[in-house]
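In what follows, every chain begins at residue 1, and chains take the letters A, B, ... in the order their sequences are listed. We use all heavy atoms of the structure for the numbers below, so side chains are in, but hydrogens, waters and symmetry mates are not.
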Amino acid sequence: MGGLKRSHSCNDLAVDNVGEAVTLMGWVLRRRDHGGVIFIDLRDRWGITQVVFNPEIHAEVHAKAHQLRSEWVIAIQGRVERRPPDMENTNLKTGGIEIRVDTLRILNSSLTPPFPLDEDVEVSENLRLKYRYIDLRRPFMASHLITRHKVSRAVRNYLDENNFLEIETPILTRSTPEGARDYLVPSRVNAGKFYALPQSPQLFKQLLMISGMDKYYQIVRCFRDEDLRADRQPEFTQIDMELSFIEEEDIYTLIEGMMLRLFKEVLNIELAPPFARMNYEEAIARFGTDRPDTRFGLELVDLTETVRDCGFNVFQSVVKKGGLVKSINAKGCADFSRKDLDGLTEYVGQFGARGLAWVKVKAAGEWQSPITKFFTDEEREAISSALGAEEGDVLFFVADKGAIVHQALSELRLDLARRLGLIDKTFFNFVWVVDFPLLEYDHEQKRHTAVHHPFTAPKEEDMEFLENDPGRVRSKAYDLVLNGVEIGGGSIRIHQKELQDIIFKALGINKEEAEDKFGFLLQALELGAPPHGGIAFGLDRLLMILTGRESIRDVIAFPKTQKATCPLTEAPSSVSRKQLTELYLRPDWE
RNA sequence: GGGGUCGUAGUUCAGUUGGUUAGAACGCCGGCCUGUCACGCCGGAGGUCGCGAGUUCGAGUCUCGUCGGCCCCGCCA
């Protein structure tokens with residue numbers, strides 16, 4: 001760097017520094033060459049400072065500055081000067097001053113960047129990922145990584161103050177059944193055997209409790225080989241925690257404190273715990289989902305009993321087959337066109353709903369709808385009153401199996417809220433969703449599977465249903481939902497082998513299989529396992545909300561495309577035949 | 001596995017019913033310019049219309065296939 005040493009960042013200097021000799025280093029963001037005086041906006045991670053080259057002061061330095069171009073890397077030495085009156089730039093923190101350059105060192109030139117660094121230019125995702133190091137130079141992208149760091153730091157500080165130990169767990173571990181598809185790593189020294197990358201450190205953190213570590217946390221990478229979405233990457237980061245000698249309430253208190261701290265430190269927002277709580281059953285009934293966005297209304301209304309004997313065959317037959325008829329009142333939406341309504345019908349169609357009945361409510365409660373004729377006056381009155389219908393409303397109905405009704409209407413509800421601008425984006429709305437069912441029936445596998453995971457403790461008072469009505473058993477599992485996004489979830493675990501055996505049995509996992517896959521855990525449960533439980537947060541999803549981004553990729557330094565590739569490194573890649581044979585793998589696909 | 005959408009200059013996009021030499025803005029290159037801050041003015045270069053077939057006298061435009069980005073369903077907490 002030619003003997004120069006950086007004295008300040010590009011965001012440090014202000015009128016207080018006028019007269020000081022300083023040395024700055026950074027990238028050329030923009031150059032404004034007036035033929036005489038040349039202005040350069042110098043950028044680094046912290047900000048932007050204007051530097052000035054004046055031919056009357058240093059002719060040779062000015063001549064050198066002529067060749068500067070976008071993204072060249074330079075060091076400048078000069079004096080801080082107050083800008084002339086009316087020439088201040090109030091958009092910059094350093095806008096009151098500029099640097100009059102005495103020395104210019106060109107540390108590196110640059111090709112013309114493949115895309116502009118301005119935030120307002122939407123660049124294709126592929127290019128951004130291929131040149132991620134340039135994408136990350138854009139201040140708004142850099143700010144996401146900075147926020148990410150602040151969140152991690154706030155979590156570490158908080159948990160450290162609460163007597164937690166940060167403990168690492170293996171990345172090369174064993175494949176376990178249940179849950180997502182594993183990423184596998186072949187073992188060279190054990191022919192035909194494979195490690196799996198962890199979907200989460202679940203079993204290790206339980207073992208750490210059995211070790212007496214008492215309070216564990218880790219900010220840890222997890223891997224799931226499933227298809228990607230805007231909020232799903234094959235590798236993602238969890239804030240993972242486990243505690244001994246605790247119950248649900250201890251978790252709620254701990255996490256509310258953590259969120260309070262985190263929002264204060266990162267966004268300077270004061271949250272007001274305790275957070276709202278809602279049990280699973282109520283969340284499904286009112287919002288159709290286990291992650292309700294309660295920032296707005298448009299709640300689901302159950303009309304199953306109201307329409308049981310109505311004249312509309314579609315509704316009646318669904319009810320007779322044990323399905324549900326539920327409805328949303330879209331307040332003041334009577335100006336929706338036929339095209340709007342057809343669009344919404346198509347929208348709910350992708351969630352399995354075979355139709356979307358609608359009613360426009362006119363003056364005096366009169367219905368305008370293709371289905372008006374199927375209902376008597378009394379039935380229309382009953383439905384309208386259940387929904388609180390008023391002139392100008394549109395009523396939407398879905399009739400189907402419960403799961404389809406709930407998914408379709410919960411998605412319709414969100415779509416309507418976005419369309420109507422009902423969502424207050426400045427508001428952070430936390431809800432604990434509690435009392436999840438322990439098991440759900442999997443029609444494909446023809447057995448019950450764990451809603452959370454197989455180590456979740458059931459509620460004692462529901463154990464009596466396990467044999468005859470397993471779907472009715474509730475668990476000691478909880479999710480934390482923020483603005484309709486599940487940001488974390490956990491449970492109190494089973495800490496006694498007898499109970500774990502019973503649950504494995506209910507899951508259709510026989511003794512041999514349990515012993516083979518989870519033998520080490522079962523043994524540990526017999527060697528002094530304390531009562532324990534924990535929770536894990538999706539750091540990426542949490543950051544997505546904190547930074548207001550639509551995609552998890554924007555808060556990850558080097559994310560992957562929807563096909564799980566990395567355009568920058570071109571991973572995944574082919575490997576040599578030698579590597580394959582060392583791993584006892586044969587390229588059958590050739 | 002399925003549905004949708006996009007792919008044209010370095011970037012973001014326009015391109016009519018299939019019809020002459022494929023345009024704009026920004027960027028880039030050159031010139032001019034001493035107070036700009038998305039500087040300004042003048043000039044210039046820059047295209048495998050993702051790729052491959054097909055229809056046609058003629059394809060950026062129509063058809064089929066294929067590759068890739070993004071969004072969604074299934075899958076996944």
Side-chain angles (χ1 to χ4, degrees), chain A residues 29-42 48-57 62 69-71 81 83-92 94-95 98 100 111-131 134 178-182 199-200 202 222-234 236 238 290-291 346-353 404 407-408 411 415 433 436 440 442 444 449-453 456 477-481 485-491 535-538 541 550-551 553 560-563 565 567:
Chain A
L29 175 62
R30 252 185 284 275
R31 155 186 80 109
R32 291 177 293 279
D33 183 345
H34 288 248
V37 68
I38 296 172
F39 298 99
I40 297 287
D41 290 336
L42 191 65
I48 294 167
T49 300
Q50 174 167 286
V51 302
V52 192
F53 298 88
N54 193 321
E56 286 176 3
I57 297 171
H62 175 263
R69 292 294 182 273
S70 286
E71 300 307 304
E81 294 196 330
R83 294 202 192 181
D86 303 331
M87 301 285 172
E88 300 193 349
N89 185 343
T90 49
N91 295 321
L92 293 182
T94 61
E98 61 196 12
R100 195 198 68 208
L111 301 174
T112 301
F115 53 85
L117 271 71
D118 311 72
E119 176 170 8
D120 51 342
V121 179
E122 285 277 333
V123 182
S124 80
E125 196 83 18
N126 208 22
L127 255 197
R128 289 176 61 193
L129 293 180
K130 181 168 179 186
Y131 298 98
I134 292 172
E178 312 284 306
R181 202 172 285 122
D182 285 321
Q199 296 178 24
S200 83
Q202 183 59 38
C222 302
F223 305 86
R224 288 174 191 165
D225 188 6
E226 297 291 350
D227 288 345
L228 282 63
R229 289 284 190 283
D231 62 350
R232 270 160 40 186
Q233 283 274 305
F236 60 99
Q238 282 191 348
D290 59 4
R291 45 186 177 88
E346 199 180 318
Y347 184 67
V348 298
Q350 58 178 315
F351 307 106
I404 289 174
Q407 190 182 0
E411 297 292 346
D415 192 61
V433 178
F436 275 75
E440 65 190 340
D442 183 329
E444 246 171 60
T449 58
V451 170
H452 187 58
H453 57 52
T456 299
Y478 32 78
D479 277 358
L480 184 59
V481 174
V485 177
E486 182 216 317
I487 58 166
S491 63
I535 190 165
F537 287 86
R541 281 187 189 172
E550 306 264 308
S551 165
R553 292 185 300 274
K560 295 194 170 46
T561 67
Q562 194 164 46
K563 286 201 69 190
T565 65

Looking at [N], I'd like to know if its phosphate oxygens (OP1 or OP2) sit under 4.0 Å from a side-chain N or O belonging to [X].
X: A:R32; N: B:C39; result: yes
X: A:S124; N: B:G69; result: no
X: A:K563; N: B:G68; result: yes
X: A:T565; N: B:G69; result: yes

Using the [atom1] atom as the point on both nucleotides, what is the distance between [M] and [N], in whole Å?
N: B:G35; M: B:G43; atom1: C1'; result: 26 Å
N: B:U56; M: B:C64; atom1: C1'; result: 16 Å
N: B:A14; M: B:A77; atom1: C1'; result: 44 Å

Practice problem: Output the single nucleotide from B:U12, B:G69, B:C37 whose closest atom is nearest the side chain of A:N126. | Solution: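 Of the options given, the side chain of A:N126 lies nearest B:G69.
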Self-check item: Nearest-nucleotide pick for A:N89, side chain only, options being B:G69, B:C37, B:G30
Solution: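 Nearest nucleotide to the side chain: B:C37.
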Exercise. Let me have a per-nucleotide readout for nucleotides 71-77 of chain B, 5' to 3', with B, S or -, counting only protein heavy atoms under 4.0 Å.
Key: BSBBBBB
Quiz item: So does A:Q50 reach the base of B:U36 with its side chain, donor to acceptor, closer than 3.5 Å?
Solution: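 Check passes, donor-acceptor contact within cut-off.
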Quiz item: What's the CZ-C1' distance between A:R31 and B:G40, to the nearest Å?
Solution: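 After rounding, the gap between these two atoms is 14 Å.
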Self-check item: A:L127 CG to B:G7 P, straight-line distance once rounded to whole Å
Solution: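 Atom CG in A:L127 sits about 15 Å away from atom P in B:G7.
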Practice problem: Go through the structure and list residues passing side-chain hydrogen bond (donor to acceptor under 3.5 Å, both in side chains) with A:T565, not counting sequence neighbours. | Solution: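 Residues passing side-chain hydrogen bond (donor to acceptor under 3.5 Å, both in side chains) with A:T565: A:T561.
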Between the protein and nucleotides 44-47 of chain B, list every N/O to N/O distance that falls short of 3.5 Å.
none

Practice problem: Give a yes or no on whether a salt bridge exists between A:R232 and A:D227, defined as a side-chain N under 4.0 angstrom from a carboxylate O. | Solution: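 No salt bridge links A:R232 with A:D227.
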Quiz item: Base, sugar-phosphate, or nothing for A:R83, non-hydrogen atoms under 4.0 angstrom?
Solution: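 Base contact.
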Exercise. Please step through side-chain contact (heavy atoms from CB on, under 4.5 Å) for the pair A:D41 and A:R32, ending with a clear verdict.
Key: CA-CA 9 Å; A:D41 290 336; A:R32 291 177 293 279; 2.9 Å; yes
